[in-house]
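Throughout, residue positions are numbered sequentially from 1 according to the sequence presented.
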Amino acid sequence: MHADKVGLDYFAVGEHHTLEMPASSPGALINAAAAATSQITLGSGVAVISTDDPVRLYQQFATADAVSGGGRIEITAGRGSSVESFPLFGYDLRDYERLFEEKLDLLTTINRGSPVTWSGSVRSALDGLDVVPRPVHGRLPIWVGTGGSAPSSVRAGRLGLPVSYGIIGGAPHRFAPLAELYRRTAAQAGHTGDDIKVSVAALGMVAPTKQQALDRFYPGWLAMNAEMAARRGWPAPDDEAFLAQAHAPGAYYVGDPDDVAERIAHLHGYMGHMRHFLQMDFGGLPQDTLLESITLLATEVKPRVERLLAKK
């Protein structure tokens, strides 16, 4: 609601099934957000389509579309950055690729219209069945979310779907060849127009000063990475690694408004992306701090980025 009030264009809800990230149902949260907002576009970031049912997922987001008044709801379908949902919902990780490809196919088939006829190997077929409710304007924008996979970039381009890159490490501009691969594949498949677009999701925090942003972002980052290291056998989080990512050309957009805006505009020169959104809170961030960061992103970073891009 605050992001809508201060003028942000987009807000996404991810899907995780862990103690430190228990937002397990994007559809439920998006429905609540749709009722409490009036302008902002709402979406999943991402919905783990591999282990969800595309029919039920589509129904939830089409319902949110109706609640919102129409035209403000999107689905970003991905495989997620963690695999806890596979055993939780009774799926085999060995079917990782097949589950995603077939369920994405079913989701896009549903989006084309109802009744729906579809068959595959991962769930029961649909033979002329209605999937209701339908979106207010007929279809929902469906994005492919990826963490940097060339096959996913090719798949999105081949299907003519927009693609969202989750950049959580390394130098963000290294994703530029993937964005070019996506656009080239789309063109070769005959897809042009407004659906061929790129967005970027990254970790970040905006504060009045760079040091304040670092100090506020670090505790949540440390707690999350320590928990994941213990559970998955990863190396313990390293302070120097954090600082390397939090300064250019790292992947964390943590800084004051000028710093964050300049880095977003710089990446745009490589990616040509139309949307750049930040995951700010890993849990435990004081509410007033989070709200201040959202406000600065909307009122200070956004207009700076627009001015910087207008000069190019």
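- Under a cut-off of 6.0 angstrom, the local environment of CZ in Arg158 is crowded, with over 12 non-hydrogen atoms contributed by other residues, nucleotides or ligands.
- Between Trp221 and Asp238, the closest heavy-atom pair is CH2-O, 3.6 Å.
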Leu140 and Tyr58: CA distance, side-chain angles, deciding distance, side chain to side chain contact (heavy atoms under 4.5 Å, CB included) verdict: CA-CA 9 Å; Leu140 295 175; Tyr58 195 85; 4.0 Å; yes

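- Not less than 6.0 angstrom separates the ring centroid of His273 from the ring centroid of Tyr165.
- A side-chain N or O of Ser121 and one of Arg98 form a donor-acceptor pair less than 3.5 Å apart.
- Of the possible polar contacts, one joining the Gln245 side chain to the Ala251 backbone as a donor-acceptor pair under 3.5 Å is found.
- Among Leu267, Asp259, Leu297, Val301, the single residue meeting the side-chain contact (heavy atoms from CB on, under 4.5 Å) criterion with Tyr253 is Leu267.
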I'd like to know whether Gln59 forms a side chain to side chain contact (heavy atoms under 4.5 Å, CB included) with Val55, so could you lay out the CA-CA distance, the side-chain angles of the two residues, the decisive distance to 0.1 Å, and finally the verdict. CA-CA 6 Å; Gln59 290 174 324; Val55 172; 4.1 Å; yes

Checking Leu285 against Met205 for the side chain to side chain contact (heavy atoms under 4.5 Å, CB included) test, could you report, in this order, the C-alpha distance in whole Å, the side-chain angles of both residues, the deciding distance, and whether it holds? CA-CA 11 Å; Leu285 190 69; Met205 162 71 64; 3.4 Å; yes

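- Counted by atom type alone, His2 and Thr295 present one or more donor-acceptor pairs between their side chains at under 3.5 Å.
- Residues Arg155 and Thr146 have side chains that never bring a donor and an acceptor to within less than 3.5 angstrom of each other.
- With Asp258 as the fixed residue, the side-chain contact (heavy atoms from CB on, under 4.5 Å) test singles out one of Arg304, Lys210, Glu300: Arg304.
- A salt bridge links Arg79 to Glu97: at least one charged side-chain nitrogen sits closer than 4.0 Å to a carboxylate oxygen.
- For Asp130, the CG atom is densely surrounded, since the number of other residues' heavy atoms within 6.0 Å is greater than 12.
- The 12-atom threshold is not exceeded at CZ of Arg94, counting heavy atoms of other residues, nucleotides or ligands nearer than 6.0 Å.
- Minimum interatomic distance between Val198 and Met271 (heavy atoms only, all atoms of both residues): CG1-CE, 4.2 Å.
- Using the six-membered ring where Trp is involved, Phe217 and Phe242 have ring planes that are parallel, under 30° apart on the 30 and 60° scheme.
- A donor-acceptor contact under 3.5 angstrom links the side chains of Thr37 and Arg72, judged on distance only.
- Here the closest heavy-atom approach between residue Gln279 and residue Met21 is recorded as NE2-SD, 4.4 Å.
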Working note: His276 + Leu278, criterion side chain to side chain contact (heavy atoms under 4.5 Å, CB included); need CA distance, chi angles, decisive distance, verdict. CA-CA 7 Å; His276 190 117; Leu278 303 179; 3.9 Å; yes

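- Within a 6.0 Å sphere centred on CZ of Phe11, heavy atoms belonging to other residues, nucleotides or ligands number 12 at most.
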